[in-house]
Amino acid sequence: MKTIITAALTGAISPKSKNPNIPVTPKEIAADGIRCWKAGASILHLHMRDDNFKGILDKERFRETVNILRGSCDAILNLTTSGELNVSDERRLEHVLELKPEMATFDAGTINASDGIFENSVEFLMKLGKLLIENGVRPEVEVMDLGMISAAQYYQSKGALKAPVHYQFVLGFGFSGAPATPDNLLYMKSKIPSDATFSAFGTGNSHLPILYTTIAIGGHVRVGLEDNLFYGPGVLATNETLVQRAGRVIREFGNDVATPADAREILGLRQIPPSGERQ
Ligand code: ZN
């Protein structure tokens with residue numbers, strides 16, 4: 001099978017003081033994204049940071065990053081609709097509606113985060129889902145706990161999500177999410193519809209067990225400094241080294257690393273002409 005690697009380059013939370021390899025400015029994020037694309041990542045999941053490294057939904061920073069990436073590679077861009085707490089629904093949507101990426105995140109419920117409430121109200125998710133459908137943006141349905149899978153099915157029944165749904169299992173989200181264990185991953189996979197596709201990752205130390213288990217059960221994978229700062233004990237990661245390792249593991253399982261064209265076919269994304277060459 002062909003396994004898609006998503007690179008989650010920056011996130012909103014981890015400070016650069018914990019790993020100086022976290023890309024922060026639009027130019028740094030785009031350059032790191034291109035390195036990850038060359039290393040085999042088909043999807044780049046993007047967050048922005050402000051000058052103090054705080055997570056921010058800044059349309060202009062997204063625009064600068066997206067423009068560089070679109071001019072340099074054919075990676076699928078997946079923009080977060082989260083990454084800044086306590087902001088209006090409009091602020092969470094404006095960069096997506098304007099830049100129209102191929103994918104954007106749909107976080108299927110509210111959950112306590114380390115720095116506040118990660119709020120995703122029914123009203124917001126109904127609005128988000130319908131706008132993504134209208135604008136041809138494929139939602140990546142992030143689920144941090146089992147109930148969010150049934151929530152996604154609820155939003156699908158209300159017309160805010162369309163089958164087949166692509167899930168991202170977020171395991172080990174702070175102290176509130178489903179713990180990042182292989183048995184939780186297996187159980188969550190057993191609860192999604194048969195036509196759904198899925199990807200998964202575990203945060204921090206659970207990164208490798210979840211990576212291996214996901215590949216073993218036919219899922220796609222996400223790696224990157226948003227989720228995990230270390231390559232191994234005491235060894236800081238870069239986004240590129242995490243993508244390279246995921247590629248090696250995928251090939252050792254006998255799978256192929258999906259190209260962006262493969263990933264578009266698997267996920268049913270609209271085709272855009274490639275503007276760069278992979279090495
Ligand atoms: Zn994210």
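Whatever order the structure lists ligands and atoms in, that order sets their numbers, starting from 1. Just so you know, these numbers come straight off a predicted model, no measurement behind them. All heavy atoms count here, side chains included; hydrogens, waters and symmetry mates do not.
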Carboxylate-amine/guanidinium proximity below 4.0 Å for Glu64 and Arg61: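 No, no charged N to carboxylate O under 4.0 Å.
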
Electrostatic pair Glu102:Arg264 at N-O distance under 4.0 angstrom: yes

Sequence neighbours excluded - salt bridge (Lys or Arg N to Asp or Glu O under 4.0 Å) pairs with any residue from residues 170-188: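 Pairs touching residues 170-188 that pass the test: none.
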
Identify all side-chain donor-acceptor contacts of residues 123-135 below 3.5 Å with residues at least two apart in sequence or on another chain.
from	atom 1	to	atom 2	distance (Å)
Lys127	NZ	Asp89	OD2	3.1
Asn135	OD1	Lys100	NZ	3.1
Asn135	ND2	Leu131	O	2.8

Closest approach to the Zn ion (ligand 1) by Glu226, given as the N, O or S atom name: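 Atom name returned: OE2.
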
Geometry at the Zn ion (ligand 1) - His45 NE2 versus His47 NE2 angle, rounded to 10 degrees: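 Here the angle at the metal atom is close to 100°, to 10°.
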
Glu142 backbone or side-chain N/O/S under 2.8 Å from the Zn ion (ligand 1): no

